[in-house]
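Worth knowing before you read on, the calculation uses all heavy atoms, side chains too, and leaves out hydrogens, waters and symmetry mates. Keep in mind that this is a model prediction, so the values were computed, not measured.
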Amino acid sequence: MTQETTEQPSDFIRDIVASDLASNKHETIVTRFPPEPNGYLHIGHAKAFCLSFGIAQENPGARCHLRFDDTNPEKEEARFASAIQEDVRWMGFDWGEHLYHASDCFEQLYAWAEYLIQEGKAYVDEQSGDEIRAGRGRLNADGVTEPGLDSPFRDRPSDESLDLFRKMRAGDFDDGKMVLRARIDMAAANLNLRDPVLYRILRATHPRTGDDWCIYPMYDFTHGQCDAIEGITHSLCSLEFENHRPLYEWFIENLPVPSQPRQIEFARLNLTHTVMSKRKLTRLVAEGLVSGWSDPRMPTLSGMRRRGYPASAIREFCQRIGISKAASTVDFALLEHCVRDELNRVAPRRMGVLDPIKVVIATLPEDHEESFEAPVLPGDPESGVRQIAFGREVWIDRDDFMLDPPKKFFRLGPGREVKLRHAYCITCDEVIQDSDGKVIELRCSHDLETRACLPTDRKVKGFLHWVSARHGNPTEIRILDHLFAAEDPEADGDFMDAVNPDSIKVIHAVVEPNTVDLPAETVVQFERLGYFCIDRFDSTADAPVLNQTIGLKSGWKPKPSNQPKKAKKSKKA
RNA sequence: UACCCGAUGGUGUAAUCGGCAACACAAGUGGUUUUGGUCCACUCAUUCCAGGUUCAAGUCCUGGUCGGGUAGCCA
């Protein structure tokens, strides 16, 4: 189907995997993708899971687990978990029976917590959050590292901690009253090692375990152990967990875990014209700047899907950007290139007119009816042909006509001749304007000799798309642009203020009849315009709705005066 | 500030053991073309700085500079 890059990708993580295989450190590779179900997946997550699932696909016998990191019931919801699964599947990955939840391990984690207490490696601390934070230590005015301050409860006998911990679980204490802390090293240079919190008291109903627990393990006490339980060999995550690795390893070394996973970090994806954190995307949704997580302008996978970005294009993009540890920002244009590249190969061609002007071909009889044949995919005979209805009146796009065109304008103007794609050459004989001077109709004559061919005695440079006025279907189309016009939405402060007010514009277009009955999510190319996707949520048989996926590249841009838009660096259809 | 990490064209990644800096995107130019699309060709770098080792350094060593991450009872 698609022609994704065929050669195996290579990067420093795949090199590690390959060498671990070569040295027989592991005989099979197991990776995992561990989203927290507190929002929708975005293209940054796609980079991460294309890596972990990709490595699993590239290595015989390897597998990749999907695991929900559901240790904070205050933020997590079941609806997010199902949306995440749908998105990962849509992207073409399959975890088979290996669907896990951190919450599946709660009992085991609890047992390991008691184990640490008994080993003298954990204690119940009754300090407040503020006291713990203060005691963790920072640095003094001279910039000299200040060791942390031992909690007054640090040397509490393990019997006492064990008793208190059991009471914590039993619900004997209020939320926040005490925590379980690891007893590691209050003077460690890495603050994560200064007696990190393992468990907190939290009365919240968990999407899966309900009210079974009123204490929940922290991420650090959960992730690596779940990796070990599942037999993960390579636990790939983003750079902000780098400082947590010593702690990850401390738990693996100090607990009787069944395997020894290794954490490897890589840089997360940044994209121009985009904000990427779930926190920020949540704000856009909550404050109503977009219609929801699946708004076609969102960098979420479900938003991109709705906009018509093919999963294969996103996969290709994730492969092309590579994996490294350097902070970087990828040009959105690379993603767009991958989308166009795929769609150019597979999107059936149609014609559509976004801003119609009526063309009356006066040399044709009133009731003229004719049909032309055109390829579904030019250059691919396998794709077949489509029939295009034609009559005396057709629509063309307003952009394709100028009253006083410059020489480089290869389109229609008074007295000029153009080719209606797949049909006849026409010449504009008369322009009809309303009282405001707005062009409302063009009277043209056609050349019968140019039916689906070009004249031999003269050069016709303009080729226009069109739709028969009698046959075309009126259609709502959403013209979309970057949600943020600026390359860096945070360059001038709060990204919320940088939202592009023109990022969505609803227009009423007319499209080739055999377009709107295509299945939802089909992406078509409107010739000379770009790609458009049948909205999978809002489209009905009576009222089709299309989302503009992406415009075609254009070598010629109309004068800015034609487009009442501030000419920014961003590309327009 | 402390700890950790990073630095190669405009952007993102490559470069066996130290051996002619490669690919893609973007931009620009030209060609092809019944989509101003696609396709094809060409143009676009003193590898952050300063020293050092070496016949030879993007790669190794020392010292800087700049950038990012972290400093939740979030993940």
Side-chain angles (χ1 to χ4, degrees), chain A residues 5 9-11 34-36 38 69-72 74-76 102 125 127-130 132-133 136-146 175-181 188-192 194 196-202 215-216 218-220 222-223 237-246 265 267-269 272 278-279 317 320-338 340-341 344-345 349 351 374 378-379 408-411 419-422 425 450 452-454 460-465 487 525-530 551-557:
Chain A
T5 307
S10 165
D11 51 66
E36 183 188 13
N38 66 343
D69 238 331
D70 55 351
T71 57
N72 185 0
E74 286 188 318
K75 292 186 180 170
E76 295 147 10
D125 194 348
Q127 291 184 109
S128 71
D130 286 343
I132 291 177
R133 200 170 308 116
R136 191 138 36 218
R138 322 235 321 183
L139 35 110
N140 60 29
D142 303 323
V144 177
T145 311
E146 182 182 287
D175 287 15
K177 257 314 197 238
M178 47 187 79
V179 294
L180 182 71
R181 285 231 259 172
N190 184 331
L191 295 197
N192 289 124
R194 318 249 266 221
V197 172
L198 269 29
Y199 270 90
R200 76 280 212 187
I201 304 172
L202 198 62
I215 58 172
Y216 290 94
M218 300 292 290
Y219 165 86
D220 283 315
T222 305
H223 200 85
C237 63
S238 45
L239 248 26
E240 66 263 35
F241 293 103
E242 215 162 16
N243 290 337
H244 293 244
R245 194 183 341 124
E265 312 84 15
R268 63 192 316 161
L269 171 65
T272 58
K278 257 196 272 190
R279 202 201 103 249
F317 170 76
R320 287 201 195 197
I321 55 176
I323 300 290
S324 76
K325 297 187 73 163
S328 63
T329 301
V330 177
D331 192 339
F332 202 94
L334 179 59
L335 211 209
E336 296 184 323
H337 172 265
C338 294
R340 286 197 187 96
D341 195 41
N344 179 50
R345 272 193 294 271
R349 307 288 125 118
M351 290 193 288
K408 297 293 256 180
F409 186 78
F410 305 146
R411 307 181 190 183
K419 171 79 174 180
L420 293 180
R421 270 178 73 77
H422 315 298
C425 288
T450 59
C453 67
L454 249 23
V460 176
K461 277 205 272 189
F463 298 89
L464 269 45
H465 57 274
E487 279 199 9
Q525 182 197 100
F526 286 142
E527 297 181 4
R528 300 210 309 133
L529 292 177
L552 252 27
K553 286 174 87 174
S554 171
W556 186 87
K557 312 220 188 319

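The minimum heavy-atom distance linking A/F526 with A/M351 is given by the pair CD2-C, 3.6 Å.
For B/U35, the base has a donor-acceptor partner in the side chain of A/Q525 [N/O atoms by modelled type, under 3.5 angstrom].
Across all strands shown, B/U32 forms no Watson-Crick or G-U wobble pair with both distances under 3.5 Å. Across every strand in view, B/G18 sits unpaired, with no contact that passes the Watson-Crick or G-U test at under 3.5 angstrom. Base pairing of B/U70: its partner is B/A2, meeting the Watson-Crick or G-U wobble criterion (both donor-acceptor distances under 3.5 Å).
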Do any N or O atoms of the protein come closer than 3.5 Å to N or O atoms of nucleotides 10-12 of chain B, and which pairs are they?
from: B/U11; atom 1: O3'; to: A/T329; atom 2: O; distance (Å): 3.3
from: B/U11; atom 1: O2'; to: A/T329; atom 2: O; distance (Å): 3.2
from: B/G12; atom 1: OP1; to: A/T329; atom 2: N; distance (Å): 3.2
from: B/G12; atom 1: O3'; to: A/S328; atom 2: OG; distance (Å): 3.1
from: B/G12; atom 1: O2'; to: A/I321; atom 2: O; distance (Å): 2.8

Can you name the atoms? Protein N/O to nucleotides 38-44 of chain B N/O, anything below 3.5 Å, with the distance.
from: B/U38; atom 1: O2'; to: A/N344; atom 2: ND2; distance (Å): 3.2

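Across all strands, A/R245 comes closer than 4.0 Å to no nucleic acid atom at all (heavy-atom distances). Within the 4.0 angstrom heavy-atom criterion, base atoms lie near A/K408. Contact annotation for A/A452: base contact, defined as any heavy-atom pair under 4.0 Å involving a base atom. Residue contacts for A/D69: at a heavy-atom cut-off of 4.0 Å it reaches the sugar-phosphate backbone alone, with no base atom in range. A/I323 comes within 4.0 angstrom of sugar-phosphate atoms only, judged by non-hydrogen atoms across all strands, and of no base. Within the nucleic acid shown, A/S10 has no heavy atom closer than 4.0 Å to any nucleic acid atom. Among the atoms of the strands shown, none is found under 4.0 Å from any heavy atom of A/P34.
The distance between atom OH of A/Y199 and atom P of B/C74, rounded to the nearest whole Å, is 14 Å.
Distance check on atom C1': B/U59 versus B/A22 gives 15 Å, rounded to whole Å.
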